[in-house]
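What follows is a short report on a single structure.
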Amino acid sequence: MSLNGKVALVTGGAQGIGRAVVQSLLQSSAKVAMVDLNKDLGEECKAQLDAEFGEGNCTFIECDVANGDALRDTFQNTVDQFGHLDIVINNAGITNEKDWEKTIQVNLTSVIKGTYLALEHMSKENGKQGGTIINVSSMAAFMHSPHQPVYTATKHGVIGFTRAMADAAIQGDYGVRIHALCPAFVDTPLLQSVEDEDNMGKFVKFKDDFKRSMSKFGVLQPSLIAEGMMRLITDTSLHGAVMKITCSKGIHFHTYEPMSA
Ligand SMILES: NC(=O)C1=CN([C@@H]2O[C@H](COP(=O)(O)OP(=O)(O)OC[C@H]3O[C@@H](n4cnc5c(N)ncnc54)[C@H](O)[C@@H]3O)[C@@H](O)[C@H]2O)C=CC1
Ligand SMILES: CCCCCC(=O)/C=C/[C@H]1C=CC(=O)[C@@H]1CCCCCCC(=O)O
């Protein structure tokens, strides 16, 4: 599977799920802009990827996706460096029930902004060549849990926004495929935040429930989430798909009832 000549932008790309998909994209010969808030981690990650895949294939752009102007500049910077844009993965996310407004900014507002910027650079409406967008949600969009109410709300929001935009892309003939991806628990540093009062605020008292749920449902590896993303990128029949990835069922899709009055 080659993505030779394709250019991808991945937010939250320096760690966890984002890092795994950056690696898979480079393995498939795409050029990648790895976008992240964490400068030290991003630079360290880029050095490792340059050593593995050769210089000039991956760029690191430091950016807080919650800053709309900085995100706009990041998209432009990617196009300036690589010439065009084909794949956007709005992946950056946090769990912070204490600073819940920040959680909305990062997990939902930046996904909306990232989708609109992606369309500016990829939609046929703007004379561009088309492309693929993946917005990262969570199984928390289907199974709520008491310890992360605002996180849960943002992940529901990502699904609703993504499905509506996927329909708009079809009806508007944007030439852009738009998907949502919903992993269950994944073994990344994000999962450690459940123990941390600074992140979970008063809901930290539910952490044992959360850990029991992790034991019950199991924890996935980031490489499987990257595999799901690569399937969404390469299979042109999947426009608008809501992909779920769980230990019990692996990579599969959510099905919705047809709309009726
Ligand atoms: N780990 C899990 O169990 C699950 C994670 N997810 C979602 O997957 C996505 C990725 O999560 P993980 O890889 O687990 O997290 P992680 O914490 O391991 O990595 C997230 C990356 O995003 C970056 N980041 C955070 N805020 C940012 C900002 N404002 N601007 C730019 N970069 C920022 C971090 O520096 C980090 O490199 C998130 O949207 C998360 O909600 C969904 C389901 C399960
Ligand atoms: C510290 C927060 C980390 C957030 C990770 C995340 O997004 C977790 C989502 C969970 C929220 C409630 C849950 O129960 C979620 C995962 C549930 C997995 C369900 C798997 C079902 C199955 O195997 O069929």
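Read the numbers this way: they start at 1 and go in the same order the structure lists the ligands and their atoms. Note that the structure is a prediction, hence the values are computed from the model and not measured.
Looking at S248 next to ligand 2, an N or O pair under 3.5 Å apart turns up. On a distance-only criterion, V136 and ligand 1 share no N/O pair closer than 3.5 Å. The N/O atoms of Y151, backbone and side chain alike, include one that comes under 3.5 Å of an N/O atom in ligand 2.
Set against the non-hydrogen atoms of S137, the atoms of ligand 1 under 4.0 Å away are 7 (C), 42 (C). Heavy-atom proximity to L191, at under 4.0 Å, picks out these atoms of ligand 2: 3 (C). In the vicinity of S193, heavy-atom distances shorter than 4.0 Å reach the ligand 2 atoms 1 (C). Proximity to V194 (heavy-atom distance under 4.0 Å) selects the following atoms of ligand 2: 1 (C).
In this structure, T11 does not count as a contact residue of ligand 1, since none of its heavy atoms falls inside 4.0 Å of the ligand. For the pair R19 and ligand 1, no heavy-atom separation below 4.0 Å is found.
Other residues, nucleotides and ligands contribute over 12 non-hydrogen atoms within 6.0 Å of the NZ atom of K244.
Aromatic ring orientation, H121 versus F75: parallel (interplanar angle below 30°, classes split at 30° and 60°).
At the shortest separation from atom 13 (C) of ligand 2 among protein heavy atoms lies M143 O, 3.8 Å.
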